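All of these numbers come straight from a predicted model, not from anything done at the bench. To find a chain, count down the sequence lines: A is the first, B the second, and so on, and within it residues start at 1.
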Amino acid sequence: MERYNFKQIEKKWQSFWEKNKSFKSHIDTTKPKFYCLEMFPYPSGKIHMGHVRNYTIGDVLSRYKSMRGFNVMHPMGWDSFGMPAENAARENNLHPKEWTEKNVSVMKNQLKKLGLSIDWDREISTCSEDYYKHQQLFFIELYKKGLVYRKENYVNWDPIDETVLANEQVIDGKGWRSGAVVQRKKLNQWFFNISKFSDELLNGLDKLKTWPNKVKTMQKNWIGKSFGCEINFKIKGDLPIDKIKCFTTRPDTLFGFSFLAVSVDHPLSEFFSNDLAFKKFKDECSKTGTTEESIALGQKIGFKTNLEAFNPLNEKQKVPVYFANFVLMDYGFGAVFGCPAHDQRDLDFAIKYKIPFKTVVKPVDADKNFTVKENAYTGPGEIFNSEFLNGFKVPNESIIKTIEILEKKKLGLQKINFRLKDWGISRQRYWGCPIPIAYDKDGNVIIVPEKDLPIKLPQKINLNEKGNPLDKNIEWKKTTINGKECLRETDTLDTFVDSSWYFLRFCSPNNKEYGFNNEEINYWMPVDQYIGGVEHAILHLLYSRFFMHALSFKNENFKILEPFESLFTQGMVCHETFSDKNKKWFSPDEVETKDGKNFYLKEDPEIKIFVGPSESMSKSKRNTIDPERMIENYGADAVRFFILSDSPPEKDVQWSEQGMIASYRFIQKFWQLHNKIQKKIGIASEGSVEADTELKKYTNQLINKLNSHLSKFNYNVIIANMHETYSFLSKIIEKNISRKELLENYKKILTVLSPVIPHIISECLESLKTNVFQNWPKIDQKMLEVEKIHFVIQINGKKKGTLEVLKDIEEKTLMEMIKKNVKIYKNLNNKKIKKIFFIKNRLINILLND
RNA sequence: GCCCUCGUGGUGAAAUUGGUAGACACAAAGGACUUAAAAUCCUUGCCAUUUAUGGAGUGCCAGUUCGAGUCUGGCCGAGGGCACCA
């Protein structure tokens, strides 16, 4: 029999779709719109299995929605600025732009081979001037709205390469390339005022009903809202300061106050800049601060000053003031009041420095001698040992009432604090969007006028020099703005800025004047379904949400506050790892086995290979499978089929060559079956009512099941349904089936299988002389009804058998049947029936007396 | 340390939302077809003497219920996020 030539047929349909612009999208107000978006890829060279999974999930949904009558937009683009381009440029002596463009063309070609229903006319690339000029305009817009500012901030500085390092480039406190010990250095940098919208971003999460709770919780924790109050502590000492402000969530424990600690970066530290002992202490802090180990161990160190702080509620009580490594300058006011009895961290510190403390909260049922020793008590209870606070219920009443008292006495103010920090957007790199700012001779900030945009990156660049390449490029740096000589800002924007609005650009990819066109975004936005990896749960998704708030701020015409209506986070693609005894990694291609247990190296069978656990595919562990090779070997339909088959999309999936081959065989088998059915359609004429009804029922039930699975992303179950359908069809055509029903129902079945395996289905439909773009078939509700059901018979709660009975059977009739059924009836043992639970169309449970 | 998610055969997993546990697939074993192999098809979750029959069974222990993979409480284990956030 004829083999299914996937290479030829997949190519045929891919060019058909391309020629006919089958997936081109326009505004059409007569139809409901559906904007389906998967996170766009970074053009790193080739697509990987994670992309295959991500884009297949989105493609199945897009094709489905489109057949259901939605006006679908399904675009694709490239997140094409970023560090790897610079690294590659150094290694291969290739300009970042060329490297990126080469990768884009390779990957675009690969994506096309997957048969994705993408509207390529909307393709965008964030490194193109067409894209980033609008981003520069947005930057200026936000600047004018007061949402962008400049301040000094610490960076990781590599003294050998003279460059700023991203956190992930710092390994064990050393620069990844030079190996130099990384220093903290203060630089002037640009910030987006994301914390201005802390409350909005937090509250907005409640409206996102179809986001995974996990993601919402992560964002909630990241924003970190806490309720408390700020308190001014009077200070006594030989320095010209008289108070230090602290933020606390537990003002109710103020009578347990036993020390005051401030960050080493606190303004107070300036008075100690000539103190050698303090300098040494500060160095110690920066060292322990960088290694993760020390944070995990929670080693607390302090530097005692000669200052004393007064308890605002009890002027007689004075406590020491310390600098401490565990106090962060960028949270609250960089100072904390220490209450060791009710905060473990404070307790560790107090024990280490032998600071006396008092217990002021006791569990409700504890007596007055309750004393904290080694474990801080942070639970509920009531206040004691605290004069006029005594008896307040902890936590709610005590905190609220204490704040009231503090406010009345003008000692403190209620305050809400957020963990969320402003977004530092400056990067000292070449391959990013230039910041449209310049500085005059006096260092004043000058906004680049719109007519001078875009500020293009210089083509000529030396990436092998030390330092920031743009900063070294004097020719580019020097400019004149409105006749004045200026120096350009040489930082570029964090690439997260690029991806914070790309979904808007897809709506109007060719709009010249502005990043988007209002009419178009009002039609398409928000994204109806966003699909991507959970690794972007916080930053990318939060930044995108912020960007919408920033655009709508002081703007009547922009009302989209939440860009992504629904979010789906897919799991990763995993594979076993292979290594030799020296922990050298090998790719699956280099390894062989005969028994499935013992593995050895293909090149040298003497070398034994150890199989490690299945882990997310990564280049470093060499456990990747090349999608293009899989498509070459098995075809796109088979790859799509497999990547959805084994696990629910939100969970990790294991790549298995066996599974891949099985999917390939399914496609081949399906083609053989199609040929049989086609022949049968040619021959059959009249059929039996019985067989025809069976087919109609199966078809309608299948559609019904798929509707539900598709809407819930149960794509692995859909694959199971497809297997079942194959086996059903191969049986039904052996029966006496009519030509008319076979043709009609088979077409429906083909149509509903098409989102997963579009190439072969298109070919099948065409061979039946049918339009390849079918509407999603409607369900005939009558055909969903069943006449006969398997009724479960339980005795004393245990299943004793099933009876095939007519639907809606009455209890009486069923009991008569049970009495006639010897196998089941013998279980009754002539015992008295105590009670009967009869659940219609489900089961009957007969309880017997003992 | 805090927060979240998840524990079902040898493996990946289904389960109409409290009502037949293990659909569908992978692997392994056995069988059929074949001169043989490949391909294809069939059978097999576990224990007890069999394709008939009985029993146990969804991490562990309790509870609610006629009935629990599903609900409640406690414990154990795995994965993920944040990490001195005052």
Touch check for [X], heavy atoms < 4.0 angstrom, all strands: base, sugar-phosphate only, or nothing?
X: S226(A); result: sugar-phosphate
X: T249(A); result: sugar-phosphate
X: K799(A); result: base
X: V327(A); result: base

With a cut-off of less than 4.0 Å, is there a side-chain N or O of [X] near OP1 or OP2 of [N]?
X: R419(A); N: A83(B); value: yes
X: N716(A); N: A14(B); value: yes
X: T217(A); N: U5(B); value: no
X: K798(A); N: A56(B); value: yes
X: Q344(A); N: G1(B); value: no

Which nucleotide wins on minimum distance to the side chain of [X], given the candidates [options]?
X: R842(A); options: U16(B), C82(B), A86(B); value: U16(B)
X: F837(A); options: C4(B), U40(B), C66(B); value: C66(B)
X: P648(A); options: A86(B), A13(B), A56(B); value: A13(B)
X: F326(A); options: A23(B), C84(B), C85(B); value: C84(B)
X: N221(A); options: C3(B), A86(B), C41(B); value: C3(B)
X: K214(A); options: C4(B), U20(B), C85(B); value: C4(B)
X: I538(A); options: G12(B), A27(B), G81(B); value: G81(B)
X: F247(A); options: A25(B), G67(B), A86(B); value: A86(B)
X: E724(A); options: A23(B), C82(B), G81(B); value: A23(B)
X: N845(A); options: C85(B), A14(B), G19(B); value: G19(B)

For G9(B), glycosidic torsion class - syn if within 90° of 0, otherwise anti: syn

U17(B): syn or anti, per glycosidic angle within 90° of 0: syn

I need the [atom1]-[atom2] distance between [X] and [N], as an integer number of Å.
X: Q654(A); N: A27(B); atom1: CD; atom2: P; value: 14 Å
X: K225(A); N: C2(B); atom1: NZ; atom2: P; value: 24 Å
X: D652(A); N: C6(B); atom1: CG; atom2: C1'; value: 12 Å
X: K835(A); N: G67(B); atom1: NZ; atom2: C1'; value: 12 Å
X: M660(A); N: A25(B); atom1: CE; atom2: P; value: 16 Å
X: R665(A); N: A27(B); atom1: CZ; atom2: C1'; value: 13 Å
X: Y331(A); N: C85(B); atom1: OH; atom2: C1'; value: 5 Å
X: H790(A); N: A15(B); atom1: NE2; atom2: P; value: 20 Å

Looking at [N], which nucleotide sits across from it as a Watson-Crick or G-U wobble partner, both distances under 3.5 angstrom, or is there none?
N: C33(B); value: none
N: U64(B); value: none
N: U5(B); value: A78(B)
N: C26(B); value: G10(B)
N: U17(B); value: none

Please tell me whether [X] and [Y] have a donor and an acceptor in their side chains that are separated by less than 3.5 angstrom.
X: E576(A); Y: S614(A); answer: no
X: Y331(A); Y: S226(A); answer: yes
X: D808(A); Y: N841(A); answer: yes

Close aromatic pair by centroid cut-off 6.0 Å: F281(A) and F323(A): no

Should [X] and [Y] count as an ion pair when the cut-off is N to O under 4.0 Å?
X: D206(A); Y: K216(A); value: no
X: K214(A); Y: E650(A); value: no
X: E787(A); Y: K697(A); value: yes

On a whole-Å scale, what distance lies between the [atom1] atoms belonging to [N] and [M]?
N: U40(B); M: U58(B); atom1: C1'; answer: 35 Å
N: U49(B); M: C41(B); atom1: P; answer: 35 Å
N: G1(B); M: U17(B); atom1: P; answer: 41 Å
N: G45(B); M: G9(B); atom1: P; answer: 15 Å
N: G59(B); M: G7(B); atom1: P; answer: 8 Å
N: C26(B); M: U34(B); atom1: P; answer: 25 Å
N: C42(B); M: C24(B); atom1: P; answer: 11 Å
N: G22(B); M: A39(B); atom1: P; answer: 30 Å

First encountered from the 5' end of RNA chain B, between H723(A) and L847(A): H723(A)

Earlier contact from the 5' end, RNA chain B, for D330(A) and S645(A): S645(A)

Y726(A) six-ring face occupied by K669(A) cation (under 6.0 Å, within 45°): yes

Main-chain N/O of S198(A) paired with S195(A) side-chain donor or acceptor, under 3.5 Å: no

Any N/O donor-acceptor pair, K651(A) side-chain to C6(B) base, under 3.5 Å: no

